[in-house]
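Whatever order the structure lists them in is the order used to number ligands and atoms, beginning at 1. What's counted below: heavy atoms across the whole structure, side chains too, no hydrogens, waters or symmetry copies.
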Amino acid sequence: MIKINENYQKLQASYLFTTISRKVEAYAKAHPDKKIIRLGIGDVTLPLSRTVVEAFHRGVDEMARAETFKGYGPEQGYAFLREAIAAHDFQARGAQIGAHEIFVSDGSKCDTGNFQELFAQDLRIGIPDPVYPVYVDTNVMAGRTGSAVDGRYEGLTYLEGNHANGFVPSPPDFPLDLVYLCFPNNPTGAVATRAQLQAWVDWALKHKALILFDAAYSAFVRDPAIPLSIFELEGARKCAVEFRSFSKTAGFTGTRCAYTVIPDSVLAWDEAGNSHKLLDLWNRRHSTKFNGVSYPVQVAAASIYTAEGKKEVQELTDYYMANAKLIRDKMSSLGLEVTGGQNGPYVWVKAGKDSWETFDTILEKAQVVVTPGSGFGTCGQGYIRISAFNHREKVLEALARLETALR
Ligand code: MLT
């Protein structure tokens with residue numbers, strides 16, 4: 001008899017964004033005359049930029065000629081892309097990351113979800129609350145938690161983010177083995193200062209802990225004092241792994257390309273106390289379970305590091321950040337507590353008592369889709385997340401409708 005992994009029984013029936021899209025579909029079916037505006041899931045709406053499209057075409061043309069055709073590529077990514085990433089995203093900012101420490105993949109969701117496979121079952125795990133649900137769910141699937149009680153899994157340590165700490169939890173005064181951090185944050189849009197991140201790095205070094213740092217939204221940081229990478233901090237090469245994505249940076253949500261950075265100095269230990277390089281373990285996993293990102297996609301991704309490509313990425317991200325400012329300003333003008341939207345594409349708003357109720361009210365009254373804050377953890381209860389990813393005219397229309405609905 002085939003048996004299931006019973007850890008799946010501990011999960012919510014469906015993934016947050018799947019639940020939302022089912023609700024929205026049902027509403028749309030019942031109200032075919034209503035025009036719904038989606039500021040829920042963070043999915044880009046602007047097309048790929050000119051430089052990226054031209055590079056993509058070049059990659060496809062190469063695949064169409066016998067002399068330049070490519071079969072399987074290196075699982076870790078082509079050297080031209082890994083070298084461009086290392087030079088532009090890290091070395092140019094003083095972070096000593098080499099091309100051999102970069103693993104190109106098809107998404108940060110997959111990488112942040114899969115990375116826990118490298119570790120023992122009995123880890124002490126620290127999870128911020130609110131947080132991107134993938135970190136929690138994948139550890140539940142792997143059997144590292146008990147059941148959910150009042151929205152929290154037994155066995156996880158929740159690091160609370162709230163208005164008082166600006167949604168940037170501080171390191172605890174006790175040890176943990178693995179901590180997930182995400183800055184600019186999804187869902188709150190909050191960013192961590194250099195001092196706040198340094199405190200986390202120092203804490204991790206002290207406890208031989210590992211930080212999994214999700215920096216998928218780093219291209220949206222506008223404050224020059226905010227670090228874009230954890231590797232800009234002293235000591236991080238010994239205790240952190242970083243996840244980055246082309247999805248939001250360059251409009252690749254449908255194209256798929258991301259990367260994970262594992263310094264060759266990050267170690268983890270076995271039961272006998274022997275150390276192992278995480279880079280080697282991930283390399284083993286990646287080359288066994290992944291066959292690489294397609295060549296044309298990697299050519300397209302590398303083009304964002306050209307002078308033109310950089311300019312276009314700046315324009316794309318500026319466009320969404322202008323939306324974020326409009327959302328932030330409107331919500332503030334309604335007298336609501338607002339976080340984010342200044343260095344990240346999400347605006348986190350305190351609205352109502354129950355997030356799902358507010359979600360339903362907004363959908364009913366304004367036909368606008370937002371994300372209920374409680375879907376990101378118990379500390380998100382009473383909040384909604386508004387995404388800046390949509391066309392300007394839709395954002396403006398949504399804000400006018402929200403003003404009426406939320407007043
Ligand atoms: C979100 O809306 O939180 C993101 O789009 C989810 C993701 O990138 O997987």
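Counting only distance, with no hydrogens or angles, the side chain of Tyr320 and the backbone of Ser387 share no donor-acceptor pair below 3.5 Å. The backbone N or O of Arg244 sits less than 3.5 Å from a side-chain atom of Ser108, completing a donor-acceptor pair.
The residue from Leu212, Asp214, Thr188 that alone fulfils the side-chain contact (heavy atoms from CB on, under 4.5 Å) condition with Cys182 is Asp214.
Nearest protein heavy-atom neighbour of atom 9 (O) of ligand 1: Tyr132 OH, 2.5 Å.
Under the 4.0 angstrom criterion for non-hydrogen atoms, Tyr217 is in contact with ligand 1. Within the structure, ligand 1 has Ile41 among the residues with a heavy atom less than 4.0 angstrom away.
When only modelled atom types and interatomic distance are considered, Arg144 and Gln116 share a side-chain donor-acceptor pair under 3.5 Å. For the residue pair Arg152 and Thr378, a side-chain donor N or O sits within less than 3.5 Å of a side-chain acceptor on the partner.
When each atom of ligand 1 is checked for a heavy atom of Phe17 under 4.0 Å away, the hits are 1 (C), 2 (O), 3 (O). Atoms of ligand 1 found under 4.0 Å from any heavy atom of Gly42, numbered from 1 in the order shown, are 1 (C), 2 (O), 5 (O). Heavy-atom proximity to Lys248, at under 4.0 Å, picks out these atoms of ligand 1: 4 (C), 5 (O), 7 (C), 8 (O).
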inquiry  = Assess the residue pair Tyr259 and Phe252 against the criterion (ring-ring contact (aromatic ring centres under 6.0 Å, His included)); give the C-alpha distance rounded to whole Å, side-chain angles, the decisive distance to 0.1 Å, and a yes or no.
reply    = CA-CA 13 Å; Tyr259 64 88; Phe252 273 55; over 10 Å; no

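At a heavy-atom cutoff of 4.0 Å, ligand 1 is contacted by the side chain of Asn186 but not by its backbone. The part of Tyr346 lying near ligand 1 is the side chain, judged by heavy-atom distances below 4.0 Å.
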